[in-house]
Structure formats: C-alpha cells, structure tokens
Amino acid sequence: MKNLKTSLVMVVLLIPLYLVFTMLNGSAAQADSDNHESAEHMALESSPDHEALETKVPSGKLAEVRAFKNLVASDEKSLSEAKAIYGGKGTCFNCHGEKGMGDGELASSFDPKPRNFTIPVWQKVRTDGEIFWIITNGTESGMPPFGDMLSDEEKWGLVNYIRELGKTGGVANKSN
Amino acid sequence: MNRKIRLGILFLTGLFVSFAISNISNAADEVAKLTTAPEVPPALSRAGGANVTVELETSEKKGTLADGVEYTFWTFGDTVPGPFIRVKAGDNVTFNLKNSGTSKNIHSIDLHAVTGQGGGAKATQTPPGGKTAFFFKALNPGIYVYHCATAHIPTHIANGMYGLILVEPEKGLPKVDREYYVFQGDYYTKGKTGEKGAQAFDVEKMRAEQPTYVKFNAMATPGNLKANVGETVRLYVGNGGPNLTSAFHVIGEIFDTVYQQGAVGSEPAKNVQTTLIPPGGAAIVEFKVDVPAAYILVDHAISRAIDKGAVGILEVTGAEVPQIFKPLKVGGADAGH
C-alpha cells in the first residue's frame, strides 16, 4: 500500500516534468526552424563573402533608410530603362559586371571587391532603401556617389534591376 | 565760359579714366586657349582678375604606347598628357568638364591649383555623356598638376588622366624664347615591355610599382622639341606617376634656373643637373642652349629611359661654338689619317 502511494506520487510528479520536457522540446524545434536564416548567415559569416552581411549605411541613418519606399514599379519598361543605365551612364557594369556578379573589368582594382548582387543572403538582408542610399551616397571602399548623376527615379529603377540580377544573374540561376 | 569748358574737359577725362580702370580691373571674359603637348599657350599680357572659362572633355581613346604596342588611354582632351591650361593669379575661372558619350567610365578633375573641395573633384564626377562645372579663384601662382579623381583613382591616373595648369604670377614669368610642355607617366601593361599588339592595363603591376613603360608625352603631338643656338628654353615638366618620382635630366645641358616643385615666387635654384619631380608634382626648368646638339631628356633613373621609354629630344640647330664645345680627335681608329 505504501509502495502504491509512493508510485502514485512519483507519477503525479513525473507528469508535469514530462509536459515541461515536451514543451521545451517543441520550442527548440520551432527555434531551429526560425533560425534557418541564421544558419545561412552563419555559413556566410565563415565564407569569404561574409562582408555582404554588413550594411554600409551609417547606423544613425539605418532606420530611416530602411523605411524608404521604392517609388518605381518593377515592370518590363522600367527594368529595360534601368538595364540601359546599368550598362551606360551609370557605368555599374564596369565594376559589378554585366550579370551583377562583382566581376566587371575594373573589379580587380578594388579591395574589397565590388558587390556581387547574386549572393542570395545579401539580397535577403539588404532592403531597397539601403541599396538606394548606397547608390546615392557611395561607399568608402570605392563606390562613387551617384546623388548628382542620376535622378531618384533612375536610382529606384536600378534597385529593381539589381533585384532582377539577384534572381537571374548568377548563383541562384546556377543552382537550378 | 572758360570755367564751363574746363569742367567739361575734367568730366570727360574722369569718364575716360573710369572706363579705362574698369576695363583693366574687370577684364573681358575669355575662353582659355588650350594646347596639346609639347606646345604651351602664349604668355598672358593682361592683368590678373579676368573671368576665364575652361572647356575640357574626357575620353577613352586607343593610342600607341610604344612601337607596335596599342593601349586604350583615358584622356583629357584626347591627348596624354591633357591640354596645357594657362591662367593668371587672381583670375576667376569657370571650369566646364564634359565626359564623352563614348566613355565607359565616370571621370572628374582635381586641379592642384584649386583651393576648395577635392580641387574640383567632388563637383565634377561626370558620367558618360554628362557635363559638370565649378568655379574657382586662382589664388596661388605656380605650375600645378591636374588629374582625374574618380574611383579607382590610381587606375584613372595610370591610364593617362593628367596634365598641367600654369597660374602665372601677377607680373608674368621672365621672358624666354621657347616654352615647352613635358609630362612623365608610368604605365602598366599585361604584356612584357615591348610585347606587341593591344595591351590591357595590369592593376597588379601598378600596385607592385613595376611599370612596363615610362613615357614623356605618351599620346601627344609627335616629334622633337626645337630651338636655335643662343635661345633660352623653358620646360614645364610634370609627373603624373602614379608611382615613380622622376629624376629629370637633360643630357648635355645644365639647368640655369629651376623652380623646384613648381614653386613660383620662391627663390629658384641655379645650376642644377637633375631635378626631382614627384608624382602629382611639377617643376619649371630654364636653360640657354649654347651649342647645337640633340639634347636628350631623360628620367635619370636610367633604366626607365634606356629600357622603358622615358626619353625625349630637344633638337638645337645653329653654328658650332667651339669655344664652348668641340670634339677632339685623339687616338681612336682613325687617328693619324
């Protein structure tokens, strides 16, 4: 009888323990799922392209810049115009390459190398506003500021074209 | 009556003097005359303070770097070095820069004669087919380098984007018989020195500071500089680099006067054999040519001259002056004949 009581007490104590364990296990599984992107980040962090994760926008402006709204719809006409700027007066192709892989004719002159737009994680972490800001203001690593050379409409068009290069230009396309 | 006439004459004289003064102090607008090396625009006979406009266009042009060696130069005014610009201290300069529609790159200009942001570079980042402009007052007399200052700047300079601007002092420079424009640059090709055909730029050789060519006036008017015996010659000598400091020397001559580092207004050096000209620097050298000869301009880091091309010729003609120089026949193969 005493043994029965002891067993019952043990069962009563073990039930909540089991429940807590199950819940924790479920949370961990969920967390793993949520951290899928982090795993991608971690892989990138240890790769030569780790620099792609770091924004070039000053921290004091980041929130404002990320909230910028793209003013140009990404359609056939605007993409065609942006492509002409990318390969023409914007001179983007010289450094970033025709397909946006950061392998243009002048790429080897720069250290760090020009941005490869076809890195999927870079496309994922960079907002349109950040890309627009960099086109406008340039970077310390050699990207010239286009604030006075291109209109806002042209720059937003380029942002859309850079997104297209991310879809079709290189790595993503090659893996298919 | 006499008083009225006197007053009238006084009024008219005052009017004439005022007009004359205003004409001097606010000289008429002018477009700067630009010349291709080795030519130099004529000295400015007017006072400083003129409103001067400079029109310059950048371009990317195929040219000849050495015999049988083609190279795509990046240029100001389709030539390397870019045109010689001549203004006077106190001038108000409006600088208009165009970039040819056929250029593949953005270009700009940083003039070392300019006091202001980037020497004009920030205001003149010009896309292909575009135009930019800025204003500057020429404050300091001297001979100054200008160059492109668009990223990657060493690449733009190594491809030939540089030239000279002279800011004459208020009273001008002393009169000479001949003025010439010479500009040194170091070049970096994928192929070895002398390898024929179209050669691409080699950024790694540039970073290693191992040029395949060192040239004076790489894509300018061909031919020798010329002078007559007894004339005084002034050379404006610039160095674009991007890497090498020039040991500029003229074989068979001594520089009577050198404005070292282009420092017009400082006491010039006298009796100089070789003068140093750093990348982004310039000097003015002057000498009287006393005897006829083919005087050879060199960078006296001599392998650059003999092996890589840093050579030019000043051809001086006229009667021999044996009191100063004559060859003597002693010994040798034809002695006794």
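Numbers restart at 1 for each chain; the letters A, B, ... are given by sequence-line order, proteins then strands.
A:D75 is linked by a side-chain contact (heavy atoms from CB on, under 4.5 Å) to A:A73, A:K77, A:S78, counting only residues two or more places apart in sequence or in another chain. Under the side-chain contact (heavy atoms from CB on, under 4.5 Å) criterion, A:D148 pairs with no residue at all, not counting sequence neighbours. For B:K215, the salt bridge (Lys or Arg N to Asp or Glu O under 4.0 Å) test picks out no residue, with sequence neighbours left out.
Side chain of B:H152 to backbone of A:F110: no donor-acceptor contact under 3.5 angstrom is found.
Residue A:S108 comes nearest to B:V203 through the heavy atom pair OG-CG1, 3.6 Å, listed as atom of the first residue, atom of the second, then distance. Minimum heavy-atom separation, B:I106 to A:G90: CD1-O, 4.5 Å.
Residue-environment remark: NZ (B:K137) exceeds the threshold of 12 foreign heavy atoms within 6.0 Å. More than 12 heavy atoms of other residues, nucleotides or ligands lie within 6.0 Å of CD in A:Q123, so this atom counts as buried by the packing criterion. Few gaps surround NZ on B:K205; more than 12 heavy atoms of other groups in view lie less than 6.0 Å from it. No more than 12 heavy atoms of other residues, nucleotides or ligands shown are found within 6.0 angstrom of CD on B:Q117. A:K113 NZ: more than 12 foreign heavy atoms inside a 6.0 Å radius.
Atom OG1 of B:T155 and atom CG of A:L106 lie 6.5 Å apart (nearest 0.5 Å). Between B:N99 atom CG and A:T91 atom OG1 the span is 9.5 Å, to the nearest 0.5 Å.
Along residues 120-132 of chain B, the residues that come nearer than 4.5 angstrom to chain A, judged on non-hydrogen atoms, are B:Q125, B:T126, B:P127, B:P128 in order of number.
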